[in-house]
Amino acid sequence: MTAPLRQGEPIVVPVALGARSYDIVIGRGILPGLGERIKSLRAGARVAIVSDEGVAAHHLAAAEAALKSASVDSARIIVPAGESSKSYAAFEKVCEAIIEARIERNDLVVALGGGVIGDLAGFAASCVRRGLDFVQVHTSLLAQVDSSVGGKTGINSRQGKNLIGAFHQPALVVADTALLDTLPKREFRAGYAEVAKYGLLGDAAFFAWLEKNWQDVFAGGSAREHAIAVCCRAKAGIVARDERETGERALLNLGHTFGHALEAGCGFSDRLLHGEAVALGMVLAFEFSARKGLITAADSARAAAHIAAVGLPIHVREVPGGVPGADALMDLIGQDKKVKRGKLTFILVRAIGEAFVENDVDPAEVRAFLSEKLA
Ligand SMILES: NC(=O)c1ccc[n+]([C@@H]2O[C@H](COP(=O)([O-])OP(=O)(O)OC[C@H]3O[C@@H](n4cnc5c(N)ncnc54)[C@H](O)[C@@H]3O)[C@@H](O)[C@H]2O)c1
Ligand SMILES: [Zn+2]
């Protein structure tokens with residue numbers, strides 16, 4: 001796992017889901033090969049590229065040129081950048097534009113963007129003509145490591161995030177790590193929280209490798225491809241073993257119960273990005289585990305030290321404008337997670353790389369812990 005990889009050789013991570021199996025192709029500078037890949041995936045297919053204004057400004061021309069060089073005919077559908085495009089209005093616009101572009105059952109939708117575009121375009125693809133195949137070309141680190149596996153697509157409703165959606169597996173995922181060079185640093189760092197998560201939840205050797213190699217991941221060396229591949233493989237393994245999200249898959253929520261409460265407490269605003277909330281949430285999950293005597297204070301401090309080293313927040317006081325108090329956070333945790341027989345479920349840790357599902361967490365203990373942390 002820690003062997004250096006030759007630059008320029010794409011890594012292929014297969015996602016084994018029977019008839020819905022597909023490949024994730026990861027490599028630096030592989031976007032120009034997109035047309036050829038699409039041609040061998042579906043000869044004669046026409047393509048609708050869905051993207052957002054921010055991504056399109058940097059990468060749409062290259063994607064279109066890649067398709068044109070392989071004689072693949074394409075249309076473009078552009079929506080504003082940001083979470084607000086995971087809306088009914090944007091969904092309607094994208095669906096109708098796909099129909100206008102005369103994309104038929106044998107054609108393809110290409111999602112060119114981060115997680116927002118992947119979710120929006122994937123959901124539109126799942127609905128138009130009762131289901132079109134789609135290809136994801138992920139342009140954010142978060143999407144490359146997190147949206148590449150699992151098949152979740154969807155939009156937000158007034159009541160909450162991701163409440164309208166479908167499972168729709170892509171036919172192919174292309175993760176060109178060079179596209180991340182234009183991603184704002186803060187977005188890259190936020191995506192890195194999910195990378196660290198895979199080490200912290202189940203792979204101590206990967207975590208140790210990240211401690212040594214994170215600078216190269218950020219700088220765009222071959223460590224970046226390697227890290228993304230490790231995350232995709234880890235998620236693919238977990239999802240293949242637990243497609244219905246009944247057991248092991250819950251481990252992917254490490255840091256997300258605390259994280260979601262903090263995100264919601266900040267009104268899902270720019271004050272706290274999802275990955276930043278996950279970073280804080282993971283630190284809290286480690287500290288809470290240490291408080292319960294499940295792990296050593298040294299392990300908890302080591303996890304936090306790495307998160308801090310890359311520039312992610314580890315103290316709630318680092319959130320500009322602050323976060324709500326313990327009572328408000330407990331209310332948000334209660335909304336996120338159903339309280340079963342007076343107990344909460346959390347992903348806790350026994351060591352770095354050894355997360356487990358704990359169904360028997362006393363809400364009073366969490367409240368006391370949060371009160372201490374916020375003091
Ligand atoms: N389907 C899944 O399994 C899954 C998993 C995790 C997250 N998500 C969803 O993903 C969304 C978050 O994804 P995200 O963080 O990628 O957000 P995003 O798609 O909004 O991208 C973040 C910002 O970066 C810009 N951007 C993206 N790539 C760029 C590039 N290469 N160069 C310059 N700018 C670029 C975008 O325009 C946007 O402004 C959330 O809606 C979340 O619910 C889905
Ligand atoms: Zn997440």
Side-chain angles (χ1 to χ4, degrees), residues 12-15 17-26 30-31 33-52 55-56 59-60 63-64 66-67 70 72-79 85-86 90-140 142-155 162 164-176 179 232 235-236 239 243:
V12 178
V13 177
V15 182
L17 293 169
R20 287 164 295 116
S21 297
Y22 64 93
D23 285 340
I24 305 170
V25 186
I26 303 156
I30 59 174
L31 183 64
L34 179 68
E36 289 302 330
R37 284 184 200 284
I38 284 189
K39 226 157 87 177
S40 47
L41 181 72
R42 186 73 47 84
R46 296 176 63 253
V47 162
I49 303 175
V50 182
S51 194
D52 73 40
V55 172
H59 303 297
L60 180 62
E64 287 178 335
L67 295 172
V72 177
D73 199 23
S74 71
R76 53 161 82 165
I77 301 164
I78 312 297
V79 299
S85 279
K86 277 174 63 173
F91 173 70
E92 178 180 356
K93 175 183 158 171
V94 171
C95 288
E96 300 206 338
I98 291 171
I99 297 166
E100 291 280 320
R102 299 185 188 284
I103 298 298
E104 312 270 348
R105 288 295 285 275
N106 279 322
D107 297 329
L108 291 164
V109 172
V110 170
L112 174 71
V116 163
I117 288 300
D119 284 8
L120 172 69
F123 184 43
S126 80
C127 291
V128 174
R129 301 189 195 278
R130 298 200 178 84
L132 298 169
D133 283 339
F134 81 119
V135 172
Q136 287 180 325
V137 182
H138 287 141
T139 65
S140 72
L142 185 89
Q144 291 189 352
V145 298
D146 212 5
S147 308
S148 293
V149 182
K152 289 184 182 173
T153 71
I155 58 172
N162 301 324
I164 316 292
F167 281 97
H168 190 48
Q169 303 293 342
L172 172 71
V173 175
V174 173
D176 182 342
L179 304 190
C232 289
K235 188 167 179 185
V239 169
E243 205 184 339

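Everything numeric here is computed off the predicted structure, so don't read it as measured data.
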Would K86 and N162 satisfy side-chain contact (heavy atoms from CB on, under 4.5 Å), going step by step from the backbone distance to the final call? CA-CA 8 Å; K86 277 174 63 173; N162 301 324; 2.6 Å; yes
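Atom-to-atom distance recorded for D176:CG and Q144:CD is 7.5 Å, nearest 0.5 angstrom. Expressed to the nearest 0.5 Å, how far OG1 of T153 lies from CD of Q169 amounts to 9.5 Å. One distance of note links CD of E36 with CG of L41; it measures 12.5 Å at 0.5 Å rounding. Here the CG-OG1 distance, from L31 to T139, works out to 10.5 Å after rounding to the nearest 0.5 Å. Atom OG of S140 sits about 9.5 Å away from atom CG of D146, to the nearest 0.5 Å. With rounding to the nearest 0.5 angstrom, the CD1 atom of I98 is 10.5 Å from the CZ atom of F134.
A donor-acceptor pair is defined here as one N or O able to donate and one able to accept, closer than 3.5 Å; no such pair exists between the side chain of D133 and the backbone of A171. Formation of a donor-acceptor pair under 3.5 Å by the K235 side chain with backbone atoms of V145 is not found in this model. Formation of a donor-acceptor pair under 3.5 Å by the K93 side chain with backbone atoms of V79 is not found in this model. One N or O on the side chain of R46 and one on the backbone of A101 form a donor-acceptor pair closer than 3.5 Å. Counting only distance, with no hydrogens or angles, the side chain of S51 and the backbone of L112 share a donor-acceptor pair below 3.5 Å.
Sorted by first and then second residue, the salt bridge (charged side-chain N to carboxylate O under 4.0 Å, His left out) pairs with a member in residues 106-117 form an empty list; sequence neighbours excluded.
Across all non-hydrogen atoms, the minimal contact from A175 to I30 is O-CD1, 3.8 Å. Contact record, A48 with I77: CB-CD1, 4.1 Å, taken as the closest heavy-atom pair. Between A111 and A121, the closest heavy-atom pair is CB-CB, 3.7 Å. The two residues V15 and A236 have their closest heavy-atom pair at CG2-CB, 4.3 Å. Minimum interatomic distance between A66 and L34 (heavy atoms only, all atoms of both residues): CB-CB, 4.1 Å.
A search for ring-ring contact (aromatic ring centres under 6.0 Å, His included) contacts involving H59 returns nothing, not counting sequence neighbours. By the side chain to side chain contact (heavy atoms under 4.5 Å, CB included) test, R76 is found to be paired with L60, E64, I78, residues two or more places apart in sequence or in another chain being considered. With sequence neighbours excluded, the residues that form a side chain to side chain contact (heavy atoms under 4.5 Å, CB included) with E92 are E96. Partners of S148 according to the side chain to side chain contact (heavy atoms under 4.5 Å, CB included) rule, which considers only residues two or more places apart in sequence or in another chain, are I24, H138, V173, C232.
Two residues are said to be in side-chain contact when any heavy atoms from C-beta on lie closer than 4.5 Å; I164 and F91 fail this criterion. Within the 4.5 Å cutoff, no side-chain heavy atoms of D52 are placed close to those of V116. At least one side-chain heavy atom of L67 sits under 4.5 Å from a side-chain heavy atom of I49. Q136 places none of its side-chain heavy atoms less than 4.5 Å from the side chain of V174.
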N/O donor to acceptor pairs below 3.5 angstrom from side-chain atoms of residues 122-130, sequence neighbours left out:
from : atom 1 : to   : atom 2 : distance (Å)
S126 : OG     : F123 : O      : 2.7
R129 : NE     : I103 : O      : 2.8

